[in-house]
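Report on one structure; see the data block that follows.
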Amino acid sequence: MAFIPLKETNTGKVYAVTVGTASGEITFGGENVLPFHSFEGLIPNKPLIAYEIQDVPPSDWSEIVKKPYKDVSGDPVSWAKFCQDNLKAEAIALRLIGTHPDRENRSPEDAAKTVRDVISAVERPLVILGSNHAEKDASVLIAAAEAAKDRNCIIGKAQEANYKTIVAAAMANNLKLIAMSELDINLSKQLNILITQMGFDKERLITDPMSSALGYGLEYTYSVMERIKLAALTQNDATMQTPMLADVGMYVWKVKESQASEQDLPQWGSVEERGIAWEAVTASALLLAGANLLIMRHPKAISALDKLVEELI
Amino acid sequence: MALTGVEIFKLLPKTNCKKCGFPTCLAFAMKLAQRQASLDLCPDVSEEAKQKLGEASAPPVRPITLGSGDKAVKMGEETVLFRHDKRFVNPCVFALEIKDTLAEDDINIKVNEVIESEIDRVGQKLRIDAIAIINDSNDAVKFEAAAKVIATKAPGIPVIICTVNPQAAEAAIKQFADEKPIIYGVNSGNAEAMANIAKTYKAILGITASSAFGGSGGGLDEISTLTEKVKSMGVEDMVIDSGARKAKEIIEHNTLARRAAIKKNFKPLGYPVITFAQREDNLVELLISVVGVAKYSSIIVLSSIEKWKNLAMFTLRQNIYTDPQVPMQVEQKVYKIGEPLPESPLFITTNFSLTYFIVSGEVENSKVASYLAVMDCEGLSVLTAWAAGKFTAAKIAQFIKEAGIENEIKHRELIIPGYVAILSGAIEDKLEGWKVTVGPREANGIPAFLRSRMAGK
């Protein structure tokens, strides 16, 4: 029996988002087919992987992922330059974790200074992230947005509890915005609608449906992402056509599998390779589910993912 | 395409005799369409209808069992393209390749790795399921010798006999009599000889395409012709390999095959897919396996099975193949996080796996050894369980009393989730001598909560 491939074309299309300025400019999203289905549609851009750095030394990171950055992570500027120049990062994600009230509790002004310093030191596009403390993020991200004015960065994350101030700041300073909700397609949709109702251009928005690590709820993120992508493409739902973010590193590097020593758990094998594998596998699965932008930590996990992407496009 | 209820109804006797146990033929037809009833229940159905319905009601991807005995693994039977629609049915098989060019000692080492690969994760036993013996030498005698070593060393482990040479296949398969192996390497040239061997030894055939990269869909057209041909020779159990090796082709071919099987009920591609994921770099090989696990491969052949790699693969397979409609649950018990002492804090939460993972992860992060009492609430999260009357003061009190934790700890303080602060008084009433402390509402507040407690002491 002759086989005739059943190709499926879609009415909907994911928005292409361009970040950065001048020579550092880069675009992700823009596809009109399911992830890596280039046999039946267009995938004009590769997914973008951002190296995660932070405003304070990574005292809370596991030793394995601290090691590659040990000479530079004391200072965000040298850390960012190391990612750009030595690791050839395509983008950098600066997490202002030091502003969290339970951490160093840095002020919005201090955070803004860090943002200014990092922006002027690197050419690659920047993702600016708060500490995920809804209240504090509102003030920190306003200051950070002003510091990044007109630099075409991505800022986030706006959540239901604080989106109004963050959206206004992103709009006033001409930035792209990440909107995050907790593992529910309807919550993601609702937040995207609320944000666009404020006058924010939907083509400047990135959806974070909330990531989870391999073995720790990954299947929830995986399925929410697949459903968002299907809604965007097959139902032509304009509120779901934003590119998606997978914020991988922060979830992976705190689970037991990325930290427990081989002495304690000999049946789990080498902790270094295991941790790197945990990050790379989590990221790969979310890539296949539809993530367009990924935030990751370990250089070896990122370079393995690069190799996978090369095979996929 | 699967038949609709009405189409099935037209083929039934329409006597409404109720012998099938349903009130009418139409009701029975509807159940058949949903695959919730079997046609055997109707005593009066015609032969013609049986044939038509049998074809249409078979699962779009043929169910096949590889191996025999307690290590046998089921493949196929899939009904959907996306896991949120319905559970993916049979988790893919991981197989380690062993080349017949290896020395006997090296074969033994590899077989040992397979035998020792079993790990327990969230109550499930996970392992490398099978061995793929590769006829790299092109020599039937060598192949037979390697098969003999493996059969002796690893009795009961399902095998995939990989060779295009029917003589070599027959020599090897004798080592696995009645063990339902796969003979992989069937092409248009050797199909007849291979089919005869498969019939004699009750083996599954692995169908391969010669031109993997000829246009869109690649070798799928060739595979369709071959599976039909082999079926006409009397072998129905097959697995297929379109020749896809690059990640991009694996997605393309696997998607097109699964789509044709499910949406068009296209039988020539309705077989489990075997994917060869071998790569120089073992981390990249792992990521190619991720593509196979997520995107419809039923067998993934690997070149190495390091423990760290297995753990990641097994966990992914478990995640992708869980039932999306049944909340994942963890076992009800008091979990130890770190190495808690009799003075260590005691938390309580519900047994929704995501709740458990997030809470235990945050407690772990705080680096304060603790006890975490996880109560069976049928897999609901804290607020939902409370609303549904499953996480109530009386039930919490009873669980704490029966859990035996009172013998392990010196103190009598229970930390409850902030969302159910309202329960604190009622729990204290029902748990005599206990003090209830209201913890943070969200798990991410736990590290700060524990730190401030430590500072206060």
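Since the model is a prediction, treat every value here as computed from it, not as a measurement. Because only heavy atoms are used, hydrogens play no part in the values below, and waters and symmetry mates are left out as well, while side chains stay in. Residue numbers start from 1 in every chain, and the chains themselves are labelled A, B, ... in the order their sequence lines are given, proteins ahead of strands.
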Identify which of [options] forms the greatest number of heavy-atom pairs closer than 4.5 Å to chain B.
options: A:W278, A:F36, A:Y251; value: A:W278
options: A:L34, A:N132, A:L230; value: A:L230
options: A:V281, A:L183, A:L287, A:I313; value: A:V281

Quick check: do B:L354 and A:Y216 have side-chain heavy atoms less than 4.5 Å from each other?
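B:L354 does not reach A:Y216 side chain to side chain.
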
So do the side chains of A:K256 and B:E364 get within less than 4.5 Å of each other, counting heavy atoms only?
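Of all side-chain heavy-atom pairs linking B:E364 with A:K256, at least one is under 4.5 Å.
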
Could you check whether any side-chain N or O of [X] sits under 3.5 Å from a backbone N or O of [Y], counting only pairs where one atom can act as donor and the other as acceptor?
X: A:D102; Y: B:A448; value: no
X: A:E311; Y: B:A247; value: yes
X: B:R83; Y: A:E219; value: yes

Against chain B, label [X] side chain, backbone, both or neither, depending on which of its atoms sit under 4.5 Å from a heavy atom there.
X: A:S212; answer: neither
X: A:P266; answer: backbone
X: A:E262; answer: neither

Top residue by heavy-atom pair count (under 4.5 Å) with chain A, among B:V293, B:I223, B:I320?
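Option with the top pair count is B:I320.
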
Looking at chain A, which one of B:F314, B:F82, B:Y356 has the largest number of heavy-atom pairs inside 4.5 Å, strictly under?
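Top option by heavy-atom pairs under 4.5 Å: B:F82.
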
Nearest 0.5 Å, please: how far is NE2 in B:H84 from CE in A:M225?
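So the gap between those two atoms works out to 14.5 Å.
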
If you round to the nearest 0.5 Å, how far is CD of A:E272 from CH2 of B:W308?
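The CD atom of A:E272 is 11.0 Å from CH2 of B:W308, to the nearest 0.5 Å.
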
Name all residues meeting the ring pair (Phe, Tyr, Trp, His ring centres under 6.0 Å) criterion together with A:W268; count only those two or more places apart in sequence or in a different chain, and write none if there are none.
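A:W268 satisfies ring pair (Phe, Tyr, Trp, His ring centres under 6.0 Å) with no residue once adjacent residues are dropped.
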
B:I288, B:V284, B:L286, B:L283 screened by side chain to side chain contact (heavy atoms under 4.5 Å, CB included) with A:L308, the one that passes
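Single pass found, and it is B:I288.
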
If you apply the rule salt bridge (charged side-chain N to carboxylate O under 4.0 Å, His left out), what do you find for B:E285 with A:K307, and how did you get there?
CA-CA 10 Å; B:E285 177 170 308; A:K307 287 185 189 141; over 6 Å; no

Minimum heavy-atom separation for [X] and [Y], please, with both atom names.
X: B:I251; Y: A:L312; value: CD1-CD2, 3.6 Å
X: A:Y222; Y: B:A294; value: OH-CB, 3.4 Å
X: B:T315; Y: A:G215; value: CG2-CA, 3.3 Å
X: A:F3; Y: B:S224; value: CB-OG, 3.3 Å
X: B:V291; Y: A:L288; value: CA-CD1, 3.7 Å
X: A:L214; Y: B:A312; value: CD2-O, 3.7 Å

How about [atom1] on [X], more than 12 heavy atoms from neighbouring residues, nucleotides or ligands closer than 6.0 Å, or not?
X: A:E8; atom1: CD; value: yes
X: A:R227; atom1: CZ; value: no
X: A:E135; atom1: CD; value: no
X: A:K300; atom1: NZ; value: no
X: A:K189; atom1: NZ; value: yes

Ion pair check, [X] and [Y], cut-off under 4.0 Å:
X: B:R259; Y: A:E40; answer: yes
X: A:K254; Y: B:E362; answer: yes
X: A:E226; Y: B:K295; answer: yes
X: A:E310; Y: B:K246; answer: no

Which word best sums up how the rings of A:Y220 and B:F352 line up, parallel for under 30°, tilted for 30 to 60°, or perpendicular for over 60°?
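Perpendicular, since the angle between the ring planes exceeds 60°.
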
Could you give me the CA-CA distance, side-chain angles and deciding distance for B:L316 and A:T282, then say whether side chain to side chain contact (heavy atoms under 4.5 Å, CB included) is met?
CA-CA 8 Å; B:L316 181 77; A:T282 304; over 6 Å; no

With a 4.5 angstrom heavy-atom cut-off, which part of [X] approaches chain A: side chain, backbone, both or neither?
X: B:I358; result: neither
X: B:N310; result: neither
X: B:I119; result: side chain

Show the numbers, then the answer: is there a side chain to side chain contact (heavy atoms under 4.5 Å, CB included) between B:K307 and A:E273?
CA-CA 10 Å; B:K307 287 173 178 167; A:E273 285 168 303; over 6 Å; no

